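Small disclaimer: the values here were computed from a predicted structure and weren't measured.
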Amino acid sequence: MAIDQAHEPEAGSKGLTRKQTLGVITVAGVSIALPKFLKPSDALAAGEADSIEAEALFLGQDELPIPPTTAKRYTTACQFCNVGCGYIVYTWPIEDTPKAGAEGAVGGGAPTAVLGDWVSPSFVTRRDINGVDSFIAVVPDKDCVVNKGDHSPRGATNALTIYTTHEHPLTKPSERLLKPQTRGSKGGDLADASWDEAIDLVVDKLKETIDAKGPSAVGLWGADHLSAEKNFAETRLFFAKAPLGLYDEKRGPDEGVAVRAIHNRAKWNSEHPSLGEHFGSSSSLLYSYSDFEAADTIMLSGANTYETGTVLYNRMHAVDNNKIVIDPRRTVPAANAEASGGVHLQIKPGTDVVILNSLMNVILAENLHDAEFIKSRTNAPTFDQLKKTVSDPKYKPENTEKVTGVPAEKVRAAVRMLGKPNKTSILFEKGVIWQGTQNEAVLSSYANLALLVGALGREGRVFGRQGGHQDAYMFDFDWPHPQDGLARRNLWQELEKGTIDFLLVTICNPLRMSQQTKQLRKWINEVPFVVEVNIRPSDMTEVADVVLPATQWGEYTYTRANLERRLRINEQFCDPAGEARPDYLIVSQIAKRYGEKHGTLDQTQWEYAAHADFYDAMRETEEGKALGLNLLSRDRLKQLGTNGIQMPITEQGGDLVGTKRAYEDKFATEDGKANFVARDQSWTDSDPLAFLPEPIKPNDDYPYFVTTVRYQAIWQSGYTYRWTTDLAKQVPYHEITINPEDATKLDVTDGDWVELTNQFGSTEGVANVSDVVQPGLMSAVFAWQGPTDENPNGEPRFYANNLVAGGEVQQKSNAAFFKNTRANLRKLDREPITAETAPTMSLQDRTVDDVKGTGAAGNPQSKAQDRLKFPATPGSDEPAPVPDFEAG
Amino acid sequence: MADGKGGLTRKQMLVGGGALVVGGGAAAAIAIATRDGDGEGGYPRAKVAQRGDLQVGKTVEFEYPLEGQKNMLLDMGEAVPGGVGDNSSLVAYSIVCQHMGCPVGYEEQEKHFMCPCHQTLYDPAREGYVIQGVAQRPLPRVQLEVDGDDIIAVGVEGLIFGYRDNLAPGEKVA
């Protein structure tokens with residue numbers, strides 16, 4: 001669009017006329033007023049210029065539609081991130097919309113005040129519901145204890161993901177898989193098929209594969225985070241013994257189905273198995289959100305909670321307590337921590353063990369550990385071993401500074417916030433768990449720190465992971481995977497070896513989301529038969545032999561928990577798009593048809609049809625009972641609305657009671673006590689990063705660290721973001737962030753096209769020169785999939801995940817180096833983007849302003865000084881005098 | 001729905017005089033009249049500043065189109081998308097955050113709007129789009145015309161926070 005709007009475009013061009021920019025269009029010589037809240041550019045972005053009038057008429061009226069008090073009302077949780085905000089969904093026939101000035105179910109009569117109820121254009125869509133032309137509004141629930149009306153740009157655009165056959169000015173949600181499809185032969189085209197035809201083909205090929213090579217030639221790559229119902233169907237089919245499922249006892253567990261879950265691990269496996277050594281269980285959902293509001297000190301590590309768990313971060317930010325952030329980048333939480341008297345420990349990637357041992361070195365030296373907790377709740381010999389390891393002088397902050405890059409006084413300032421008598425809570429996420437072969441050592445060090453300061457099992461004193469998506473909360477039911485977790489046949493390795501003849505991929509996109517996507521694509525192309533179950537066309541659709549369309553959020557009912565284990569029912573509020581069916585039903589129907597046609601399975605055990613069938617069946621399994629789900633009828637869960645109940649559930653005096661946090665009395669170990677597991681690392685003066693795994697360690701060929709990061713507006717692979725224009729226009733091109741020092745050396749400025757390359761592949765993007773990243777570190781956007789798959793020169797799509805090490809550095813449990821890899825960078829000979837070519841993409845630093853204080857050690861405005869229970873001398877490097885506490 | 005490029009379906013009929021009728025299945029149509037008013041689509045034309053008063057990077061606050069609807073006018077000092085004036089550098093935006101309605105402030109040094117409530121940043125040099133943050137829509141843009149020395153507001157693109165319709169309820173400023 002030309003910058004100067006006075007310019008009249010040439011006749012016949014698709015440019016807007018001046019009148020169009022003023023909210024009036026002309027059709028057949030008559031002026032039509034566009035709805036006041038729409039910009040013509042919105043319509044252009046979402047559809048063709050020629051259909052602008054149709055899009056203008058989308059909502060059919062001048063005022064934004066709001067729900068009438070007679071609207072149907074449903075409760076649900078957001079479909080996106082771990083926080084799981086509550087939403088109310090209203091549906092109503094369009095003619096029931098309240099007129100101008102009239103009150104509705106949500107506001108209407110008078111303008112809304114700050115922080116009050118308002119229906120944004122993003123909350124509203126129009127769709128035929130069972131043949132009736134209807135509006136749907138998806139509104140954040142102010143009565144939900146999780147969010148109290150707050151929302152992120154993901155939740156705020158839930159409505160814009162709803163399938164509609166109307167041309168919508170703010171989105172293009174019609175990109176859906178609507179009918180089953182089959183591909184006659186590899187390389188041929190997909191053709192529509194009936195459900196019966198498609199399912200028959202699937203069960204025939206499954207039978208053929210099992211007869212020829214056994215279940216070990218079958219692979220399941222499934223999103224095990226979507227719903228308990230989906231896991232129920234998949235677990236039962238693949239791991240239950242005949243006649244319920246396909247597990248062949250005679251062949252044994254080592255020849256079972258190979259599995260994988262969305263990014264990087266064996267399905268239903270933990271991303272943090274080392275927690276088991278500490279606590280007796282790898283469970284990481286150990287807290288309530290309110291614990292962070294009760295804490296004196298919150299530590300966020302490898303958790304960019306503002307971007308990825310936004311509303312939870314907003315809750316933390318609103319509390320005037322100490323914030324410590326461990327992150328190689330100056331993210332919003334990091335900048336806020338410094339500005340509020342907290343500390344940002346801006347480590348070099350991969351140096352977590354060193355800095356944590358350094359923190360623990362000082363905590364012990366200053367007697368700030370929680371001696372009473374350690375004595376009563378941990379095993380003493382393990383504490384002795386930890387003390388021995390971390391008290392080594394090499395871990396003094398003055399000596400670790402050259403390894404981590406963090407000045408000693410910052411380590412000491414953080415210690416004063418972490419240690420006694422502060423109530424400390426620690427939250428970690430991908431920056432910690434996605435460190436490939438370092439995963440165990442890094443995570444273990446955080447567990448050690450939590451135990452050392454007693455951050456477990458008490459109000460305001462908790463430890464756990466933030467999460468990415470919500471939790472499907474059940475995985476084993478009555479049929480756990482026949483192999484032990486760490487020994488599970490890993491589908492990644494099997495694809496590499498070429499042992500898989502039948503691959504089922506359910507509601508995920510490994511070709512974009514996994515690591516080494518370039519190599520992975522080659523191996524998947526070799527699999528003789530691939531079945532995709534999904535809601536939208538994806539990279540998998542291009543290679544699948546059978547495509548089965550699944551319902552999306554709102555088109556079917558399922559249950560899910562957020563990361564404080566709050567279980568909600570996500571109610572169906574509209575009919576499925578096209579011929580789509582619920583994912584859990586599709587798998588169940590495959591099982592039933594397999595039994596009918598080929599035996600082995602008893603089809604009468606697979607007569608599930610409605611959601612209630614699945615829910616009631618899973619409640620009664622061993623795992624369901626352990627969670628207390630057998631106490632919670634579906635009707636009762638519906639009544640609990642957006643607040644749900646925190647699992648496990650117990651019954652007390654006739655009432656159902658939820659569980660706030662884990663390990664309040666004892667840990668899950670045999671003796672009920674927790675263990676420290678000391679982790680040590682070695683380095684030399686000449687090689688301070690000696691411990692980093694070779695494939696990711698910067699060298700002469702690939703001198704920069706690269707980390708993959710998240711932007712708030714982009715969810716996962718962008719399968720909804722790319723169609724939601726207001727979000728997509730923020731980041732329309734892949735963005736690579738480069739520190740100004742490095743940019744100067746590389747002669748790169750904002751807007752230049754650049755390419756990152758390493759031994760695994762390459763990715764291109766637009767440069768954003770910013771000190772959010774430290775010198776020597778660059779960022780790429782995780783699993784980038786832009787609204788334009790091609791760059792402006794029409795070259796093919798490019799994936800950030802090409803760069804990420806996978807195969808050769810895999811552990812059985814968690815293999816992803818998504819958070820640290822290496823690369824070199826070169827500028828591309830291509831026109832940079834400018835304000836003219838990308839008028840909505842800001843290349844300002846994507847963080848908040850620079851620090852206003854110097855941290856707790858010296859900031860006179862900091863309230864942290866009040867919270868430090870003993871005085872420190874401002875500006876001094878000396879540790880504070882040791883307080884008169886009982887020695888541990 | 002459109003039946004193709006540029007055509008209207010029988011569901012969408014135009015009635016002479018600017019009223020728009022939309023059919024909804026078998027149900028009665030909803031009639032929408034274009035509004036009376038001085039500006040296009042009913043927006044008032046209101047002078048918000050004199051060119052001579054403007055300094056690069058300094059904001060001028062004004063209310064538009066209704067009393068109580070606060071906006072800021074800025075001279076960005078260089079050509080920006082949507083900018084008017086000799087240098088295409090004049091822009092104006094609603095300063096009510098699209099997230100939950102807190103008033104945003106302009107940070108001169110950083111050249112962006114920041115909302116104090118949940119820290120959304122908007123870029124006036126990029127059509128009011130979000131730089132980073134929780135808001136899901138850009139700041140509504142006030143459409144401007146330059147008439148001699150006068151900078152005139154003539155319309156708004158996007159829905160102002162709190163309202164169903166930018167022009168009601170309330171008193172127009174002109």
Can you say whether A:A318 sits under 4.5 Å from chain B via the side chain, the backbone, both, or neither, judging by heavy atoms? neither
Measure the spacing between CD1 of B:I131 and OG1 of A:T840 and express it to the nearest 0.5 Å. 12.0 Å
Given a strict heavy-atom distance threshold of 4.5 Å, which part of B:Q109 is in contact with chain A: side chain, backbone, both, or neither? neither
Validation row: A:L64, B:L159 side chains within 4.5 angstrom (heavy atoms): yes
Quick one, B:H99 and A:W118 - any side-chain contact, counting heavy atoms below 4.5 Å? no
Would you say the side-chain atoms of B:R164 pair up with the backbone N or O of A:K99, donor to acceptor, closer than 3.5 Å? yes
Heavy-atom proximity to chain B below 4.5 Å, by part of A:V332: side chain
Listed by residue number, which members of residues 153-161 of chain A have a heavy atom under 4.5 Å from any heavy atom of chain B? A:P153, A:A156, A:T157
Distance-only side-chain donor-acceptor flag, A:D845 / B:Q132, under 3.5 Å: no
For chain A, which residues from residues 46-58 of chain B lie under 4.5 Å away (heavy-atom distances)? none
Pick from B:G128, B:G133, B:P140, B:C117: which one has the most heavy-atom pairs with chain A under 4.5 Å? B:G133
Are side-chain heavy atoms of A:V311 and B:V134 found at a separation under 4.5 Å? no
Between B:R126, B:K111, B:E107, the one whose heavy-atom pairs under 4.5 Å with chain A are most numerous: B:R126
Within the structure provided, determine whether B:V130 and A:Q712 are in side-chain contact (heavy-atom separation under 4.5 Å). no
Proximal component of A:T847, with respect to chain B [non-hydrogen, under 4.5 Å]: backbone
Measuring from atom SG of B:C102 to atom CG of A:L115, what distance do you get when rounded to the nearest 0.5 angstrom? 4.5 Å
I'd like to know whether the aromatic ring centres of B:H118 and A:H317 sit less than 6.0 Å apart in this structure. no
Identify the two heavy atoms, one from A:P111 and one from B:P169, that lie closest to each other, and give their separation to 0.1 Å. CD-CG, 3.7 Å
Counting only heavy atoms closer than 4.5 Å, note whether B:L121 contacts chain A via side chain, backbone, both or neither. side chain
Do A:Q844 and B:H112 come close enough that some side-chain heavy atom pair is under 4.5 Å? yes
May I ask you to test the B:Y129-A:D726 pair for a side-chain heavy-atom distance under 4.5 Å? yes
Side-chain heavy-atom pair B:R137, A:S120 within 4.5 angstrom cut-off: yes
Heavy-atom distance under 4.5 Å between the side chains of B:Q136 and A:H151, does that happen here? yes
Chain B contact via A:Y306 - side chain, backbone, both or neither, heavy atoms under 4.5 Å: side chain
Given heavy-atom pairs under 4.5 angstrom as the criterion, report whether the side chain, backbone, both or neither of B:F161 touches chain A. both
Go through B:Q119 and A:N314 one step at a time and tell me if the side chain to side chain donor-acceptor pair (under 3.5 Å) criterion holds. CA-CA 10 Å; B:Q119 302 181 292; A:N314 289 345; over 6 Å; no
